[in-house]
Amino acid sequence: MAYQARKSKLFKEEFQLVDENGKIAKTLYVELNPMTVAPRLSEKYLALQHSLTSVKEVKKGENGKAYETVGMAMKDILETVFGDEDAKTIIEFYDGRYLEMCKEILPFVKDVVVPKVRKLAQEERKNIISGYSRKKRRLLGKRFA
């Protein structure tokens, strides 16, 4: 019997942009590849959380820089999750209403994308480790834990 190398299945999530009238303006497909998305997503999501916290602590009149930081962090999240072209589509769809964009898109990232990518990354890690001997698995398990 020949050795077989298999290509893993791609996981996609559907994301729809809906206008004020309830009409679907655009449907985007988010590819959830744990090996490429997971490390960048964690880093960008933490940066966004820090920038949102800094906005809450800013005094009146000084919020321009803080909002700019949130906007850049949100743009990074969009590019990480959706890709450059779809991120531009989303930004154009919201037409400068960045707080509304954050309010509508962050729950999708937080409640759908992050948990699914983590789950897929854990499964991928288990699949990789299962191909090794017991001794090697213990060493790899400690390294990946």
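Values below: every heavy atom of this structure, side chains too, minus hydrogens, waters and symmetry copies. In this chain, numbering begins with 1 at the start of the sequence shown.
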Asks: With side chain to side chain contact (heavy atoms under 4.5 Å, CB included) as the criterion, how do Val113 and Glu13 come out once you've worked through the C-alpha distance, each side chain's angles and the decisive distance to 0.1 Å?
Replies: CA-CA 8 Å; Val113 174; Glu13 279 294 326; 5.6 Å; no
Asks: Find the distance between CD (Gln49) and NZ (Lys110) and round it off to the nearest 0.5 Å.
Replies: 8.0 Å
Asks: If you measure from CE on Met101 to CG on Leu17, what distance do you get to the nearest 0.5 Å?
Replies: 10.5 Å
Asks: Does the pair Phe15 and Val81 meet the rule for a side chain to side chain contact (heavy atoms under 4.5 Å, CB included), with working shown?
Replies: CA-CA 11 Å; Phe15 183 82; Val81 172; over 6 Å; no
Asks: Flag yes if Val112 and Phe11 sit in one hydrophobic cluster, no otherwise; membership is Ile, Leu, Val, Met, Phe, Trp, Tyr, and two members link when side-chain heavy atoms are under 4.5 Å apart.
Replies: yes
Asks: Would you list the atom pairs, donor with acceptor, under 3.5 Å between side chains in residues 70-80 and any protein atom, with sequence neighbours excluded?
Replies:
residue, atom, partner, partner atom, Å
Lys75, NZ, Glu79, OE2, 3.2
Thr80, OG1, Asp76, O, 2.8

Asks: Kindly indicate whether the side chain of Tyr29, heavy atoms from C-beta on, has any atom under 4.5 Å from the side chain of Asp86.
Replies: no
Asks: Does atom CZ of Arg40 have more than 12 heavy-atom neighbours, drawn from other residues, nucleotides or ligands, at distances under 6.0 Å?
Replies: yes
Asks: Quick one: does Leu48's side chain get under 4.5 Å of Leu106's, heavy atoms only?
Replies: yes
Asks: Just by modelled atom types, is the Asn21 backbone N or O under 3.5 Å from a matching donor or acceptor in the Asp19 side chain?
Replies: yes
Asks: What do the steps show when you test Ile105 against Phe82 for side chain to side chain contact (heavy atoms under 4.5 Å, CB included), and what is the final call?
Replies: CA-CA 11 Å; Ile105 294 175; Phe82 295 98; 4.2 Å; yes
Asks: From Leu32 CG over to Lys119 NZ, what is the distance, rounded to the nearest 0.5 angstrom?
Replies: 11.5 Å
Asks: If hydrophobic clusters are built by linking Ile, Leu, Val, Met, Phe, Trp and Tyr wherever their side-chain heavy atoms come under 4.5 Å apart, do Leu41 and Phe108 end up in the same one?
Replies: yes
Asks: I want to check something: taking the side chain as every heavy atom from C-beta on, are Leu120 and Glu123 in contact at a cut-off of under 4.5 Å?
Replies: yes
